[in-house]
Protein chains: 2
Amino acid sequence: MSRQGRVRRRPPTLQDVARLAGVSTAVVSYVINDGPRGVAPATRERVLDAIETLGYRPNSSARALRRGATHLIGVLLPDIVNPFHAEFVAALDNAAAARQYSILLATTHHDPEREYSMLANLLDRGIDGLLILTYLYDRRSYTAAADRVPRVMIDESSMGRLSPLVGPDLRQGAELAASHLIGHGHTRIGFVTGALPGGSVDFRRIGWESVLGGHGLTASLVETTEWSRAGGYEGARRLLDRADPPTAIFAGSDLIAVGVLQALHERGLDCPGDIAVISFDGTTESQFSWPPLTTVRHPFEAISTAAVDTLISGDTDVEPRILPMELIVRQSCGCPPSGDGSAREGT
Amino acid sequence: MSRQGRVRRRPPTLQDVARLAGVSTAVVSYVINDGPRGVAPATRERVLDAIETLGYRPNSSARALRRGATHLIGVLLPDIVNPFHAEFVAALDNAAAARQYSILLATTHHDPEREYSMLANLLDRGIDGLLILTYLYDRRSYTAAADRVPRVMIDESSMGRLSPLVGPDLRQGAELAASHLIGHGHTRIGFVTGALPGGSVDFRRIGWESVLGGHGLTASLVETTEWSRAGGYEGARRLLDRADPPTAIFAGSDLIAVGVLQALHERGLDCPGDIAVISFDGTTESQFSWPPLTTVRHPFEAISTAAVDTLISGDTDVEPRILPMELIVRQSCGCPPSGDGSAREGT
DNA sequence: TTGTATGCGTTATCAA
DNA sequence: TTGATAACGCATACAA
């Protein structure tokens, strides 16, 4: 009945290699780690051969114990199903893998209790560094990691002072969006965005307000909702029900924008004809909605490599690095289709 | 300039706890692990106190080394950005976390080279079990894990014989979709799906063909493409360009379906009026397309808990478990809107 | 250039 | 019920 093949044998150890090569374990270690002592070419050859024939692989638990480092990076985030976070995780994973680190996920689902326990779990696992990709809801979370592990927070919105920080320039991104809509001649521009925990500032909103203000427009058409498609749907409906509905909507995230579009479709409103939409994030999903969404894209890769590098260097005593976002013009804003608005994708 | 707070101190060890409690390390270990020896209530109390005051947490590298188990589960998958995989990872992570396991991701991007090296990396990390959530492209991958670690493959399509297997009943799911479309009176039903590596069988196609055949219809309107939105877009265009275009399309995945919808919109075709669509997967994205997609949903949670349990039990010498899929009716199939077709979401 | 020997923090055996 | 102690596999200080 056994479908699973042979018996599991004990994997070979340094000892085994040393024995076969006729050297001490120290020498094998020197060969594997290129130091800290040199090895005669001939011996090195023998050791390499032994490693090869035995199929030796270093035991990473033993290494971690001895070196006091796991080469594991913890990532604290709300929810991997959210494409925005998924995109970040992918980029972070790439950046980490390129440096021989692996990533350990901890999802909070915006639940303070879970946030704290998942963080504790990460710490218990002996992560070498922590990447925070969420607003923190539990005060204890701020201090829990503090003295244990270097950490980097990817976001400029919340209490950035507490952590070294690498992140998108949300304000500049929002300004890009608002300016573009104004360039299309809109004067009643709505904003549908998600709620933030108390005390946090949404720089998207600040950017949007400042541009509108700069053009003598009042920034009153705001709906705060969930950070989800359903939230966007609801927020848009409320906006459309106002006495002075907007002619353009700036959505705080791609997910929200998708919900906004559904609300428009449902009311038989044409986008961008009746109402223009600009989105925020730049996930692939925004490209395949109907119409394809004009959006402001996070510099996922740049942020991720910067964050991982900061973490690995261990030198988190560093100036905040806020990286610029980029406007991606597609069709929901009212720009003429350029012919390549669709049918391209990452993979 | 120091933003990072105090100095990092050496975390307390078993020794420290033992010293403070005035017992041996063995006793502390007995307390922590509830065995294998008993401890007098009074002593246990003292130990617990010491643990509390020192804030002691077991070092997991040392544990892993000593116990020969990491409580880590490796997941091999193509790409976390794909919402289908993201949904699975979320469910797997939940199932694992509930059992005190963590998940280590390894993304292959469908690249055989990367597939093999990521798998090796997982194995090097000492994972206790392997979950395979992809078609394997590198023959070595099949054997690499074989004798090292229990593994479970989540898919019934490929060489299931090589691994214990837990997965969705793709064939039954496809039959659900095809039957439903036929129920709407369609006779020219197209199928847009992704390509599989050589030797693999797509049970979706088998299900679709069998239902069509059972109704005396020929199953010739097939387009094989990429497993992506862009692929769906292309596949649909090719299908529409045929001499006998379909009046209904069955999409092999939600991503493909979204691309199909975009192709329809672009040609000014109404869905479901001109062409009905049924999708496959049941990710949240399918709910917020326009129109909301009727889709066949994977039993993500059931599969995930079954897979994780099988892995942890270590008894992978078990019959394949194929779990049924479920039809979720929304609007793209031509069914009348039921009023709740939109505006609901997981989170 | 190589070998010996110690300790990283746990667990669990064996003796007391 | 408790304590001493020997591994687990590796990295390195120190000696040769």
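Residue numbers start from 1 in every chain, and the chains themselves are labelled A, B, ... in the order their sequence lines are given, proteins ahead of strands. From a predicted model like this one, the values you see are computed outputs, not experimental measurements.
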Contacts of type side-chain contact (heavy atoms from CB on, under 4.5 Å), residue Ser24(A), not counting sequence neighbours:
Ala26(A), Val27(A)

Set of salt bridge (Lys or Arg N to Asp or Glu O under 4.0 Å) partners for Asp111(A), sequence neighbours left out
none

Set of ring pair (Phe, Tyr, Trp, His ring centres under 6.0 Å) partners for Tyr137(A), sequence neighbours left out:
His110(A)

Under 3.5 Å, is there a donor-acceptor pair between the Thr107(A) and Asp79(A) side chains?
no

Categorize Val28(A) for me: base, sugar-phosphate, or nothing, with a 4.0 angstrom heavy-atom threshold over every strand shown.
nothing

Rounded to 10°, the helix from dT1(C)-dA16(D) to dA16(C)-dT1(D) deviates from straight, judged by its five-pair end axes, by 40°

At under 4.0 Å between heavy atoms, which parts of nucleotides 9-16 of chain D does protein reach? Answer with one letter per nucleotide, 5' to 3': B base, S sugar-phosphate only, - none.
BBBBBB--

Not counting sequence neighbours, list each pair that qualifies as a salt bridge (Lys or Arg N to Asp or Glu O under 4.0 Å) and has a residue in residues 25-37 of chain B.
Asp34(B)-Arg44(B)

Applying side chain to side chain donor-acceptor pair (under 3.5 Å) as the test, list every pair that has at least one member in residues 117-127 of chain B; sequence neighbours left out.
Arg57(A)-Asp124(B), Ser102(A)-Arg125(B)

Non-neighbouring partners of His71(A) that pass ring pair (Phe, Tyr, Trp, His ring centres under 6.0 Å), sequence neighbours left out:
Tyr101(A)

Contacts of type ring pair (Phe, Tyr, Trp, His ring centres under 6.0 Å), residue Phe88(A), not counting sequence neighbours:
Phe84(A), Phe300(A)

Rounding to a whole Å, what distance do you find between Asp16(B):CG and dC8(C):C1'?
13 Å

Output all residues satisfying side-chain contact (heavy atoms from CB on, under 4.5 Å) with Gln15(B), sequence neighbours left out; order by chain, then residue number.
Thr13(B), Arg19(B), Thr25(B)

In residues 119-130 of chain B, which ones come under 4.0 Å of DNA chain C, going by heavy atoms?
none

Applying side-chain contact (heavy atoms from CB on, under 4.5 Å), name anything that partners Ile32(B), two or more places apart in sequence or on another chain.
Leu14(B), Val28(B), Ile51(B), Tyr56(B), Arg63(B)

